[in-house]
Amino acid sequence: MGILRNKRESVLHKEFVKILLKSPVRNVKFSKDKISLIFFGHRISDKIKIKKEDHVAEWSRRRKEIFIDKKISCNEKKKSFKALCVHELIEKFLVEKFGLKLDEEAHLVATEKEKEYLKSINGNWKSHEHIVYWDWHNYGEK
């Protein structure tokens, strides 16, 4: 009975991720140091902190903050900066609210929403990927 239950839960879990992938991000707003948006029927927001970061972007498990590497915050990278903020906010929300696995599920959904948001503001995904790749590469990430 336990194996059947786990298999059914796994199928339901995968279907839930598919639903999240189809859910749009709406009403993205940036203020001085904050991002807010609506995703999957929830208004979510966090503070944005720009600092020297070992990763391109990260989120805090203890505070309502997302961290963006200061190299991404310059004007020429403004669209990438905004897209990364969307990614981190959604990723954090999915891990904390629904318990999605960070790398296999939440990151997958957040990356898709990041890509959709970048497209909606006429950003270039290839250019964005290049910026993100080199920021990770400079810190020894793969």
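Keep in mind that this is a model prediction, so the values were computed, not measured.
For Arg61, the CZ atom is loosely surrounded, since the number of other residues' heavy atoms within 6.0 Å does not exceed 12. Within 6.0 Å of NZ in Lys51 there are more than 12 heavy atoms belonging to other residues, nucleotides or ligands.
Between Asn122 and Lys79, the closest heavy-atom pair is O-NZ, 3.2 Å. Between Leu118 and Ser80, the shortest heavy-atom contact is CD1-N, 4.4 Å. Nearest heavy-atom pair across Arg43 and Asn27 is NH2-CB, 3.6 Å. The two atoms that bring Ile68 and Ala57 nearest to each other are CD1-CB, 3.5 Å, heavy atoms only. What you find for His128 and Glu114 is that their closest heavy atoms are NE2-OE2, 2.5 Å.
Contact of the Leu89 side chain with the Val86 side chain is not registered, since no non-hydrogen atoms from C-beta on lie closer than 4.5 Å. Between Asp46 and Lys92, the closest side-chain pair of non-hydrogen atoms falls below 4.5 Å. Contact of the Lys115 side chain with the Thr111 side chain is not registered, since no non-hydrogen atoms from C-beta on lie closer than 4.5 Å.
To the nearest 0.5 angstrom, Lys47 atom NZ is 14.5 Å from Cys85 atom SG. To the nearest 0.5 Å, atoms CD (Glu105) and CG (Leu21) are separated by 10.5 Å.
Remark: side-chain polar atoms of Lys77 are not paired, donor with acceptor, to backbone N or O of Ile131 under 3.5 angstrom. Not a single donor-acceptor pair under 3.5 Å links the side chain of Ser10 to the backbone N or O of Asn6. Between the Asn124 side chain and the Ser127 main chain, a donor and an acceptor come within less than 3.5 Å of each other. Distance alone, capped at 3.5 Å, places no donor-acceptor pair between the Glu91 side chain and the His87 backbone.
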Does the pair Lys119 and Glu116 meet the rule for a salt bridge (Lys or Arg N to Asp or Glu O under 4.0 Å), with working shown?
CA-CA 5 Å; Lys119 183 179 179 183; Glu116 289 170 10; over 6 Å; no

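Using a cutoff of 4.0 Å between basic side-chain nitrogens and carboxylate oxygens, Glu15 and Lys18 are scored as salt-bridged.
For Phe98 and Phe93, the distance between ring centers is under 6.0 angstrom.
Of the options Leu20, Val17, Leu108, a side chain to side chain contact (heavy atoms under 4.5 Å, CB included) to Leu94 is made by Leu20 and by none of the others.
No side-chain donor-acceptor contact under 3.5 Å links His13 and Glu9. Side-chain atoms of Glu65 and Trp59 include no donor-acceptor pair closer than 3.5 Å.
Taking the ring centre of Phe39 as origin, the terminal cationic atom of Lys113 falls outside the region bounded by 6.0 Å and 45° from the ring axis.
The hydrophobic cluster containing Ile35 also contains Val95, counting ILVMFWY residues as joined when their side-chain heavy atoms lie under 4.5 angstrom apart, directly or transitively. Linking Ile, Leu, Val, Met, Phe, Trp and Tyr whenever their side-chain heavy atoms come within less than 4.5 Å puts Ile19 and Ile90 in one cluster. By the criterion of side-chain heavy atoms lying less than 4.5 angstrom apart, applied directly or through intervening Ile, Leu, Val, Met, Phe, Trp or Tyr residues, Phe40 is grouped together with Leu102 in one hydrophobic cluster. With hydrophobic clusters built from ILVMFWY side chains whose heavy atoms lie under 4.5 angstrom apart, Phe67 does not share a cluster with Leu37. In the hydrophobic clustering of ILVMFWY residues, with side-chain heavy atoms under 4.5 Å counting as a link, Ile38 and Tyr117 come out apart.
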